[in-house]
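Reading through the structure tokens given below for one structure.
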Amino acid sequence: MRVVYAVDLETTSLSPDEGDIRLVAVTGADGSRVTSNVRDVETILRDPSVLKVFHNSLFDAYWLRRKKFEVRNFADTMVLSQVLHGDVKAGNKLVDLAKQYLGLELNKELQSAENWLGELTDQHVAYATADSEATYRLYPILMDRIRERGLEAVAERETRALTALIRMQSDGILFDYEGWTSELDRYVASAQALQEDIRAKLECPELNLGSSVQLKSALLSVGVNVSSTKQEELAKFGYASPVVEMVLRHKKALKILSAYGDKLLRRIGSDGRLRGDWRLLGTVTGRSTCSNPNLQGLPKTAKRFCVAEPGWSIVTADFSQIELRVLAELSGDPEMLQSFRDGKDLHRKTAAKVFAKSEEDVTDRERQAGKVINFGLVYGMTAFGLRNKLSAQEGLSITLEQAERFRNDYFELYPGVLRFQDTMLRSSRVKSLGGRHWDSKALKEIMRFNYPIQSTAAEGFKESLILLNDRMPGHWRLIAAIHDELVVEVPEQEVERAEQLLQDCMTTGMGCLVTGVPIEVDVNAGAHWIK
DNA sequence: GCCATCACG
DNA sequence: ACGTACGTGATGGCA
């Protein structure tokens, strides 16, 4: 008979950097108890034969880890709910589940951390107990539903991946504050100079470049008529118009400054490390996300300032063309499969087909266009979209007819891909290789062939992450997991071992789901994050 | 509070 | 005739 305890923490702050654990409520078959001293329940937390259940372990188990308490063997009712309901955003709070499954109205008046700073009353104790009791009762109910829906494999993978995410959340990234600050100064200077120039050229001294409404009309006054001020549209004029080119550069600088300037710096902890709020399940396809700040969206320029501590190295490893490989697996397209098996460059191959020349004669620009075509068509792009993208991204202007021909050429080369998309459009359910499934009626047509691909890649990625976390030594740091890239920080003399381990875990992990296509992983190491 | 825009994959 | 590529998170402008 398995021993299970639900555990709920109450803390004096949202962040363990600034607060303390105030109460721990524990509920088991023998009832509930509450303590203000974690030491009282330390042995339960550490005992691998006792299953702990949290609701949102990326809060509770993360806090415990940051406060140096070991937690072994745990599950998470929030994650189970997310797996079960498909909706990973709404309806997974403890209050929602208590109401839905237990017919219980939980009182959430004390939820906010500021309610846990002063004297604790019976009311506080009752509040914590109610949460852990609800969690305790929910766990078997949710597990039953998971089994009924055939989602055990998904739930188990997600549960196992939690440990890795908690570790990543705890470890954070050492950030070169000084270096980034002076880099920002350069962006400020450049943005200011550009703004002056642009205002003068457009004869509009008050122009707010952040306002697309104002920018559009100012550009019109010098004869540049754009339908929108987004990069993609402006790029069509940029090559011919110096002022548009300046606007594009200004936008870039402004973006960096607003999103990754002071706001980023304010998120650095007293240990110099940058920590975001990781979510195990941020998307319905099974990807993880990160916010405050979004470490998955750090601009390349900022990654240079994510550094290793002295004597250590940052090691990165990323899957090469993983979604295309998954597409090859799912579609079974012979040409695409053979290409990957032969270790060929798929972008070059596609370019050779649409530009009607041999692979050796494909230029770099043509290969880039091949890349746009490969990626665009994975997502179900139309000829219209393809034409726009090629024009905006590659400065390649083609007619709609030519774009249509590119598309037809592509599907002539990879007929299995067309068949795959067709099958997905006609099925009542679409599935990932890792056990997720969606009712087609609930999905826009295009999502029906995108979800299986994105989802399978995300699931294989999580298998890799789980393997890595299980196998990597405790003193290494897990820094980031970004859809197809894993980042660790290790002592310099262990770099080679880390590169090997990453490569091995990633090919093996993805190989759990993708069996017919070779998986390639590129590794890198250095004093900072290189992508 | 929504929209447009853009950072990442 | 119509709209036109998937998934995020974060921002400033604007109503």
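As the structure is a prediction and not an experimental result, all values here were calculated from the model. The sequence lines fix the lettering, A, B, ..., with proteins before strands; numbering per chain opens at 1.
Using a 4.0 Å heavy-atom criterion, one finds that A:G385 contacts the sugar-phosphate atoms exclusively. Among the atoms of the strands shown, none is found under 4.0 Å from any heavy atom of A:N388. Using a 4.0 Å heavy-atom criterion, one finds that A:L298 contacts the sugar-phosphate atoms exclusively. If you check every strand for non-hydrogen atoms under 4.0 Å, A:Q454 touches a base. As judged by a 4.0 angstrom heavy-atom cut-off over every strand, A:M447 is placed among residues touching the sugar-phosphate backbone only. Backbone-only contact: A:K230 has heavy atoms under 4.0 Å from sugar-phosphate atoms and none from a base. Using a 4.0 Å heavy-atom criterion, one finds that A:K389 contacts the bases of the nucleic acid, with or without backbone contacts as well.
Atom CD1 of A:I256 is separated from atom P of B:dT5 by 18 Å (rounded to the nearest Å). At whole-Å resolution of the value, CG in A:L295 and C1' in B:dA7 are 13 Å apart. C:dC6 atom P lies 12 Å from atom CG of A:L443, rounded to whole Å. Nucleotide B:dC6 holds its P atom 12 Å from the CG atom of A:L209, rounded to whole Å.
The closest side-chain heavy-atom distance from A:W278 to A:S291 is not below 4.5 Å. Under the 4.5 Å side-chain criterion, counting only non-hydrogen atoms from C-beta, A:L162 is in contact with A:L58.
Applying the 4.0 Å criterion to OP1 and OP2 of C:dG12, one finds that A:K263 has a side-chain N or O inside that range. Contact between the side-chain N/O atoms of A:N294 and the OP1/OP2 oxygens of C:dT8 is not found at any separation under 4.0 Å. A:K444 has a side-chain polar atom (N or O) that falls below the 4.0 Å cut-off from OP1 or OP2 of C:dC6.
For A:D484, counting side-chain heavy atoms from C-beta on, the closest listed nucleotide (C:dT8, C:dA10, B:dG9) is B:dG9. Nearest to the side chain of A:T283, among C:dT8, C:dC14, C:dG12, sits C:dT8. Here C:dC6 is the nucleotide among C:dC14, C:dC6, B:dT5 with the atom lying nearest to any side-chain atom of A:Y451. When each of C:dC6, C:dG9, C:dC14 is scored by its nearest atom to the side-chain atoms of A:V213, the top-ranked nucleotide is C:dC14. Here the side chain of A:H483 is nearest to one of C:dG9, B:dG9, B:dT5, namely B:dG9. In this structure, the nucleotide among B:dC8, B:dA4, C:dA5 sitting nearest to the side chain of A:P299 is B:dC8. In the set C:dT4, C:dG13, B:dC6, the nucleotide with an atom closest to the side chain of A:S211 is C:dG13. Nearest nucleotide to the A:T289 side chain, out of C:dA10, C:dC6, C:dT8: C:dT8. Closest contact between the side chain of A:K303 and the listed nucleotides C:dG9, B:dG9, C:dC14 involves B:dG9. Comparing B:dG9, C:dC14, B:dC6 against the side chain of A:Q214 picks out C:dC14 as the nearest.
Residues A:H483 and A:F319 keep their aromatic ring centres 6.0 Å or farther apart.
Here the separation of B:dA4 from C:dT4, taken at their P atoms, is 12 Å to the nearest Å. Spacing of C1' atoms, C:dG3 relative to B:dC8, comes out at 26 Å, to the nearest Å.
No more than 12 heavy-atom neighbours from other residues, nucleotides or ligands sit within 6.0 angstrom of CG on A:L14. Applying the 6.0 Å contact sphere to CD of A:E196 captures no more than 12 heavy atoms from other residues, nucleotides or ligands.
None of A:T382, A:T399, A:I398 except one satisfies the side chain to side chain contact (heavy atoms under 4.5 Å, CB included) rule with A:R387; the exception is A:I398.
Nucleotide B:dC2 is matched to C:dG13 when pairs are restricted to Watson-Crick or G-U wobble geometry with both distances under 3.5 angstrom.
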